[in-house]
Asker: 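Dropping a structure here in structure tokens format, bear with me for questions.
Side-chain atoms are counted along with the backbone in the values below, which use heavy atoms only and exclude waters and symmetry mates. Lettering of chains follows the sequences in order, A, B, ..., and the numbering in each one begins at 1.
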Amino acid sequence: MEEIKRAIGAAAKELFNVDVQPELTRPDEKFADYSTNIALQLAKKLNQKPHDLAIQLSDKIKADSILKIDVAGPGFLNITLHDESLLKLLDQKPDRPLEANQVLVEFGDPNPFKEMHIGHLYAAITGDAIANLLASSGADVKRLSYHGDVGMHVAKWLWGKQHAGGKDNEALGHYYALGAKAFEEDEQAAKEIKDLNQKVYAQFVSIKDLYESGKAQSFEQFKSIFSELGIIYDKQYMESQASHIGMDFVRKYTGKVFEDSQGAVIYKGEKVGLHTRVFITSQGLPTYETKDLGLAELKNKDFPKATQSVIITANEQTEYFKVMLAALKEIDAPLAAKTVHIAHGFLSLSTGKMSSRTGDVHAAADLLSSVHRAVKDQYPDSKVQQETYLAAVKYTFLKHRIGGDIVFDIKESVNLEGNSGPYLQYAHARARSILSKAQPPTKSETKNWKLEPGERSLVRKLGEYPEVVDKAVKELMPHLVANYLFDLAQTFNHFYENNRVIDDPRRDVRLQLVETYATTLKNGLQLLNIPAPEQM
RNA sequence: GCCCGUGUAGCUCAGUGGAUUAGAGCGUCGCGCUUCGGACGCGAAAGUCGGGGGUUCGAAUCCCUCCACGGGUACCA
């Protein structure tokens, strides 16, 4: 691919004395292997007809891997490779542009004292996949989580627990919901909750036992869910840690970056086209923004060599993050510059509410168990129900582009026909089954293979893998990998339908293709942290 | 009000400047077929790419405007 780009560049230089950065795209298979619109781009610059330029270029571009170049449409160059060159692409590995870089990825931050909900689940799975992508490109990735163990939600939970009327065996979210409701509807309760919040920050002994038990219970829950998902964090941060550092920051820069207003300390975002936010309340307590400044500094101290810090949250925090980062920029510009905020959309269930025990949110644990049950019902004899259900959940999240709202349909997620995680797992297991039945192929020199049409389609698709991963890494978009794997599986199924493998004269060639296919599928699923069992 | 995001087949979503028919899965209708694991393959119907205007050789993709929905908008996170 680089060879072709160079050849195009050289031809353009020689013919028109211009320097170009040609882009190669993958056109529809029936046109060619690669395509470039370089002639169309040059047309304006050189003030000539694009079609004429394309013809001149097609005669001039020379590279060993190119079989032929066609001029098509208004001036596209469609490039077809020799079979052996196409096969060579199978040996290519994704780039490792982040080799020797340390990258921090913070994601999935559920708050203690509240139920971990499906939004956290989505963020955790997406964040984990992004971390995997970064790691695959050579980075030393640190997975971080951050938890709100202080703040109003804690006070609401404490109040709820104290006013539960003896019912103290409910799920965590129940008490939070009780407190949150009282806060809205009852002025007296609201006042009491605010007082409790003061006590939380000041670590009052009177609430210590209750506080600690709630916190411990929360983290047990998180631990069990993350372990179920196979997500391992390198470090957990608490808001209570970040809060002091943040307060010091804000106090130090009040008058310069921040200003006093109505008893609170604020940042005037209007000066950079944003809006004003409170950093320290009139009660003298830090808000989320101040704690986040503290967190940024904490991370910076722990990982001073990190070249990038990625934070994944729900998009309701998008505007908030802009303001926080604008303030950070005034305090520590380099630190702000390496921070990237990625926002995901809102997650809803096609079936509506599943549980009332948590008030108005969908508990992460409920979704997991619903999908698990659906898999058990559908495949009672399967030995890999655990793997299948994880694939169903994860793939449903990961096949969507990050940013938009998504609707989770449990039935569709476990529907093993169609674009689902289990479909891909089955595709993998089926390929492995063929390989295990056949004697290993006699390895032949791949460059001597002459491909038949069905084989060529499969090889062409397989060769796209490194390009897809490179793009997914560059744009931090795991869905590119997910969608590619589905395409690949479909291409293989089509091939498999029309071409025998075992008991065929072309057995050796085809077995090697099946092997490459199965491995590619497995590697791709691994990037998404989705298991690929050998049998199902 | 202002700021940000979203709007693509009945449903769920890819595609975000490029081409001859705008793609996929599910659903619907039809065909192959019990195979090297059918958790399969093939085909059909189905779309004014939210509306309107503009830029461009070329727009679902860029710009303007309007509409709908979601989020944010000073002491929640």
Asker: Applying the Watson-Crick and G-U wobble criteria at under 3.5 Å, what pairs with B:G70? Answer none if nothing qualifies.
Answerer: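 Base partner found: B:C4.
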Asker: Picking from B:A77, B:A19, B:G18, which would you name as closest to the side chain of A:Thr287?
Answerer: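 Out of B:A77, B:A19, B:G18, the nucleotide with an atom closest to A:Thr287's side chain is B:A77.
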Asker: Taking 4.0 Å as the cut-off, does a side-chain nitrogen or oxygen of A:His494 come that near to OP1 or OP2 on B:C42?
Answerer: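 Indeed, a polar side-chain atom of A:His494 lies that close.
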Asker: I want to check one thing: is the phosphate of B:U73, taken as OP1 and OP2, less than 4.0 Å away from some side-chain N or O of A:Arg277?
Answerer: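 Yes.
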Asker: Measure from the side-chain heavy atoms of A:Pro74 and tell me the nearest of B:C40, B:G18, B:C75.
Answerer: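 My answer, after comparing the listed nucleotides, is B:G18.
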Asker: Counting heavy atoms from C-beta on, name the nucleotide in B:A39, B:A77, B:A19 closest to the side chain of A:Met536.
Answerer: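 Output: B:A39.
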Asker: Looking at B:G37, B:G15, B:C4, which one has an atom nearest to any side-chain atom of A:Arg401?
Answerer: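 From the listed options, B:G15 comes nearest.
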Asker: Tell me whether A:Arg277 forms a cation-pi arrangement with A:Tyr320, defined as NZ or CZ under 6.0 Å from the six-membered ring centre and within 45 degrees of its axis.
Answerer: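 Negative - A:Arg277 is either too far from the ring of A:Tyr320 or too far off its axis.
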Asker: Expressed as a whole number of angstroms, how long is the span from A:Glu417:CD to B:G38:P?
Answerer: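 Nearest whole value for this atom pair: 12 Å.
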Asker: Between B:C3, B:A14, B:C13, which nucleotide has the shortest distance from any of its atoms to the side chain of A:Glu319?
Answerer: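 For the A:Glu319 side chain, the nearest candidate turns out to be B:C3.
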Asker: Before accepting this row, confirm whether a basic side-chain N of the pair A:Glu467/A:Arg26 lies closer than 4.0 Å to the acidic partner's carboxylate O.
Answerer: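 Here A:Glu467 pairs with A:Arg26 in a salt bridge, since their nearest N and O are under 4.0 Å apart.
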Asker: Going by ring centres under 5.5 Å and near-parallel planes (under 30°), is A:Phe279 stacked on B:A74?
Answerer: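 No.
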Asker: For A:Ser261 and for A:Gly404, locate the closest nucleotide of RNA chain B by heavy-atom distance; then report the residue assigned to the nucleotide nearer the 5' terminus.
Answerer: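 Looking at the nearest nucleotide for each, A:Gly404 comes out on the 5' side.
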Asker: Side-chain N or O of A:Gln490 versus OP1/OP2 of B:G25: is the shortest distance under 4.0 Å?
Answerer: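 It does, given that an N or O in the side chain of A:Gln490 lies less than 4.0 Å from OP1 or OP2 of B:G25.
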Asker: Is there a donor and acceptor pair, one atom on the side chain of A:Glu497 and one on the base of B:G32, closer than 3.5 Å?
Answerer: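 Yes.
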Asker: Taking the minimum atom-to-atom distance to the side chain of A:Glu412, which one of B:A77, B:U73, B:G25 wins?
Answerer: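 The closest nucleotide is B:G25.
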Asker: Counting heavy atoms from C-beta on, name the nucleotide in B:G37, B:A77, B:C76 closest to the side chain of A:Met152.
Answerer: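 Per side-chain heavy atoms of A:Met152, the pick is B:C76.
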Asker: Just compare B:A77, B:A19, B:G38 and give me whichever is closest to any side-chain atom of A:Phe76.
Answerer: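 Of B:A77, B:A19, B:G38, B:A19 is nearest to the side chain of A:Phe76.
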Asker: Please evaluate the base of B:U21 for a donor-acceptor partner in the side chain of A:Lys30 within a cut-off of under 3.5 Å?
Answerer: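 Indeed there is one.
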Asker: Quick one: does A:Asn315 reach the base of B:G71 with a side-chain donor-acceptor pair under 3.5 Å?
Answerer: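 Result: no qualifying N/O pair found.
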Asker: Just compare B:C75, B:G41, B:G25 and give me whichever is closest to any side-chain atom of A:Asn419.
Answerer: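 From the listed options, B:G25 comes nearest.
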Asker: Does B:A39 have OP1 or OP2 under 4.0 Å away from a side-chain N or O of A:Tyr426?
Answerer: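 Indeed, a polar side-chain atom of A:Tyr426 lies that close.
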Asker: Is the phosphate of B:C40, meaning OP1 or OP2, less than 4.0 Å from a side-chain N or O of A:Asn493?
Answerer: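 Answer is no, no contact under 4.0 Å.
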Asker: Mind calculating the distance between CD (A:Gln535) and P (B:C36) to the nearest angstrom?
Answerer: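 After rounding, the reported distance stands at 18 Å.
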Asker: Rounded to whole angstrom units, what separation is found between the CD1 atom of A:Ile311 and the C1' atom of B:A77?
Answerer: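 Between C1' of B:A77 and CD1 of A:Ile311: 14 Å.
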Asker: What about A:Asn78: does its side chain form a donor-acceptor pair under 3.5 Å with the base of B:A19?
Answerer: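 It does, because a donor-acceptor pair links the side chain of A:Asn78 to the base of B:A19 below 3.5 Å.
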Asker: Could you tell me whether A:Asp149 and A:Lys291 have a side-chain N and a carboxylate O separated by less than 4.0 Å?
Answerer: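 No, no charged N to carboxylate O under 4.0 Å.
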Asker: On the six-membered ring of A:Tyr176, is A:Lys156 placed so that its NZ or CZ lies under 6.0 angstrom from the centre and within 45° of the ring axis?
Answerer: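 Checked: cation-pi criterion not met.
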Asker: Does B:G37 have its OP1 or OP2 closer than 4.0 Å to a side-chain nitrogen or oxygen of A:Lys437?
Answerer: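 So the side-chain polar atoms of A:Lys437 do come within 4.0 Å of the phosphate oxygens OP1 or OP2 of B:G37, strictly under.
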Asker: Between C1' on B:G72 and CD on A:Glu316, what's the gap in Å once rounded to a whole number?
Answerer: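 Nearest whole value for this atom pair: 9 Å.
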Asker: Quick one: on RNA chain B, does A:Lys471 or A:Thr276 contact a more 5' nucleotide (nearest heavy atom)?
Answerer: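 Nearer the 5' end of the strand: A:Lys471.
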Asker: Between B:A77 and A:His147, is there an OP1 or OP2 to side-chain N/O distance shorter than 4.0 Å?
Answerer: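 Checking A:His147 against B:A77: no side-chain N or O falls below 4.0 Å of OP1 or OP2.
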Asker: C1' atom, B:A24 versus B:C49: distance in rounded Å?
Answerer: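 That atom pair is separated by 15 Å.
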Asker: Send over the distance from A:Gln41 CD to B:A19 C1', rounded to a whole Å.
Answerer: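 That distance rounds to 14 Å.
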Asker: Distance check: side-chain N/O of A:Lys291 vs OP1/OP2 of B:A77, anything under 4.0 Å?
Answerer: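 True: A:Lys291 side-chain N/O within range (under 4.0 Å) of B:A77 OP1/OP2.
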Asker: Identify which nucleotide among B:C40, B:C4, B:U73 has an atom closest to any side-chain atom of A:Tyr423, counting heavy atoms from C-beta outward.
Answerer: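 Of the candidates, B:C40 comes closest.
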Asker: Tell me the interatomic distance from A:Asn197, atom CG, to B:C76, atom C1', rounded to whole angstroms.
Answerer: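 About 10 Å, once rounded to whole Å.
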Asker: Can you tell me the distance, in whole Å, between the CG atom of A:Leu424 and the P atom of B:G37?
Answerer: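 Roughly 19 Å, once rounded to whole Å.
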Asker: Taking any strand in view, what nucleotide pairs with B:C11 in a Watson-Crick or G-U wobble way, both distances under 3.5 Å?
Answerer: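 Base partner found: B:G25.
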Asker: Output yes when a side-chain donor or acceptor of A:Asp109 lies under 3.5 Å from a complementary backbone atom of A:Ser145, and no otherwise.
Answerer: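 It does not hold such a pair.
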Asker: Taking the six-membered ring for Trp, are the ring centroids of A:Tyr517 and A:Phe492 within less than 6.0 Å of each other?
Answerer: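 Between A:Tyr517 and A:Phe492, the centre distance is under 6.0 Å.
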Asker: If you measure from the Lys or Arg side-chain nitrogens to the Asp or Glu carboxylate oxygens, is any gap between A:Arg510 and A:Glu455 under 4.0 Å?
Answerer: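 Result for this pair is yes, salt bridge flagged.
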Asker: What does B:U61 pair with, Watson-Crick or G-U, if both distances are under 3.5 Å?
Answerer: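 Paired with no nucleotide.
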Asker: Check whether any side-chain nitrogen or oxygen of A:Ser433 sits under 4.0 Å from OP1 or OP2 of B:G37, and answer yes or no.
Answerer: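 Yes, within the criterion.
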Asker: On the 0 to 90° scale, with breaks at 30° and 60°, tag the A:Phe249-A:Tyr253 ring pair as parallel, tilted or perpendicular.
Answerer: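 Tilted: the ring planes of A:Phe249 and A:Tyr253 meet at 30° to 60°.
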Asker: Rounded to the Å, how far apart are A:Asp28 CG and B:U21 C1'?
Answerer: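 Between C1' of B:U21 and CG of A:Asp28: 11 Å.
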Asker: With a 3.5 Å cut-off and heavy atoms only, can you find an N or O donor on one side and an acceptor on the other between the side chain of A:Ser282 and the base of B:C75?
Answerer: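 When only heavy-atom distances are counted, A:Ser282 does reach the base of B:C75 through a donor-acceptor pair under 3.5 Å.
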